[in-house]
Each structure stands twice: as C-alpha cells, then as structure tokens.
Amino acid sequence: QVQLVESGGGLVQAGGSLRLSCAASGRTFSSYIMGWFRQAPGKEREFVSYISRSGGITYYADSVKGRFNISRDNAKNTVYLQMNSLKSEDTALYYCAAAIGGRGLTGTHGYDYWGQGTQVTVSS
C-alpha cells in the first residue's frame, strides 16, 4: 500500500497564501494520479484539484481555479498545493489522495489511498 502524509497547514489571514505538501511512500509515486480534497465541518468532502502522473495535465474545481496551483516532484515523491488569495470559505481539513486509474477523479471514489489531512484555517 501507499502511505501519504500532508503538511503545511495552519492559520492564515484572508488574502494570504499557504503551500501544502504531500509526501508519499514507496517507489511507484509516478504511477499515481494525485489529487487534493477538502472537508469543512458538517459538509461533504469536496474535490479541489488533481494532477496527472507526469504532471502534464491539471484540473481544478471552479471554486479554486485561478487561485490554487497543483504541482508534483516525482523525484521527491511529493505533490504540492499552492494556495493564494485565500478566503474564509477555504477553511477546511485538506486531504491528499492517490489514484491508480484515471476515472472519476473529481470524486472520492476515484482514489485508492488517502492521507490523514492537514488543517487550513483562514481568518476573516
């Protein structure tokens, strides 16, 4: 199995920036499509972004498009989420996920492995 560990969360003022990191175990990191999801208290887990195996294709939810950027460094077994112009609505527990296949990538069922989450709190 693959183990994923997120880091970089914290408290930030509205308009600020944070960069989340997700470190993966194993030698097969480049075999996985990587995604980011987030979940606020009392709400369903929602899709944020995904990136293809080699990093050539990225996709974002409308709510974050233009503000967030996903990237990966396969040599470091790490995927990143750069979050800019943060809003209070971005407050959530952010999860990193890995998908073996390339279907259903905007939903939780498309992913096979999940991290423990890292908290992002945006103050207004």
Side-chain angles (χ1 to χ4, degrees):
Q1 64 172 315
V2 176
Q3 291 178 302
L4 304 173
V5 180
E6 302 96 333
S7 62
L11 176 65
V12 64
Q13 291 188 332
S17 298
L18 279 177
R19 188 177 78 156
L20 306 183
S21 298
C22 173
S25 66
R27 295 180 174 179
T28 58
F29 178 71
S30 62
S31 297
Y32 300 99
I33 298 167
M34 301 298 297
W36 286 97
F37 287 75
R38 65 188 183 185
Q39 187 167 26
K43 299 183 67 177
E44 293 186 352
R45 191 168 300 186
E46 70 169 339
F47 168 76
V48 175
S49 181
Y50 71 69
I51 186 168
S52 62
R53 296 175 178 90
S54 62
I57 301 171
T58 58
Y59 185 77
Y60 301 88
D62 288 343
S63 59
V64 306
K65 190 174 183 179
R67 299 189 297 121
F68 291 11
N69 183 63
I70 189 171
S71 63
R72 68 191 296 163
D73 186 338
N74 288 345
K76 295 181 178 179
N77 278 205
T78 303
V79 63
Y80 306 94
L81 185 68
Q82 177 66 47
M83 306 184 295
N84 302 312
S85 302
L86 284 162
K87 307 173 181 179
S88 60
E89 307 95 272
D90 296 317
T91 295
L93 186 64
Y94 282 71
Y95 294 92
C96 174
I100 297 172
R103 293 182 174 180
L105 297 174
T106 60
T108 58
H109 291 294
Y111 295 81
D112 301 280
Y113 305 101
W114 294 83
Q116 84 290 345
T118 185
Q119 180 67 39
V120 172
T121 302
V122 183
S123 63
S124 60

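Owing to the predicted nature of the structure, the values given are computational and were not obtained by experimental measurement. Counting from 1, the numbers follow the sequence of the chain as shown.
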- Verify the neighbour count for atom CG of Leu11: are there more than 12 heavy atoms of other residues, nucleotides or ligands below 6.0 Å? yes
- Query: Any chance OH of Tyr59 has more than 12 other-residue heavy atoms, nucleotides or ligands included, within less than 6.0 Å?
  - Reply: no
Reported [atom1]-to-[atom2] distance for the pair [X] and [Y], which is rounded to 0.5 angstrom:
X      : Y     : atom1 : atom2 : result
Phe37  : Leu93 : CZ    : CG    : 13.5 Å
Ile70  : Tyr50 : CD1   : OH    : 10.0 Å
Ser123 : Leu86 : OG    : CG    : 10.0 Å
Thr58  : Asn69 : OG1   : CG    : 7.0 Å
Ser49  : Lys65 : OG    : NZ    : 11.0 Å

Is there a chain of hydrophobic side chains (I, L, V, M, F, W, Y, each step under 4.5 Å between heavy atoms) that links [X] to [Y]?
X      : Y     : answer
Val120 : Phe68 : yes
Leu105 : Val2  : no
Val122 : Val48 : yes
Val64  : Val12 : yes
Ile51  : Trp36 : yes

Under the side chain to side chain donor-acceptor pair (under 3.5 Å) rule, collect the residues that match up with [X], sequence neighbours excluded.
X     : result
Ser85 : none
Asp73 : none
Arg53 : none

- Query: Of the non-hydrogen atoms in Asn84 and Ser17, which two are nearest, and what is the gap between them?
  - Reply: OD1-OG, 2.9 Å
- Task: Looking only at non-hydrogen atoms, find the nearest pair between Gln39 and Lys43 and report the distance.
- Result: NE2-O, 3.1 Å
Only distances under 3.5 Å count here; give the side-chain donor-acceptor pairs of residues 18-34 to other protein atoms, sequence neighbours excluded, each with its distance to 0.1 Å.
| residue | atom | partner | partner atom | Å |
| --- | --- | --- | --- | --- |
| Ser25 | OG | Gln3 | N | 2.9 |

- Query: What pairs of residues pass the side chain to side chain donor-acceptor pair (under 3.5 Å) test when at least one of them lies in residues 97-120, not counting sequence neighbours?
  - Reply: Glu6-Gln116, Gln119-Thr121
Donor-acceptor pairs under 3.5 angstrom involving side-chain atoms of residues 94-101: please list them, not counting sequence neighbours.
| residue | atom | partner | partner atom | Å |
| --- | --- | --- | --- | --- |
| Tyr94 | OH | Arg38 | NH1 | 2.9 |
| Tyr94 | OH | Asp90 | O | 2.7 |

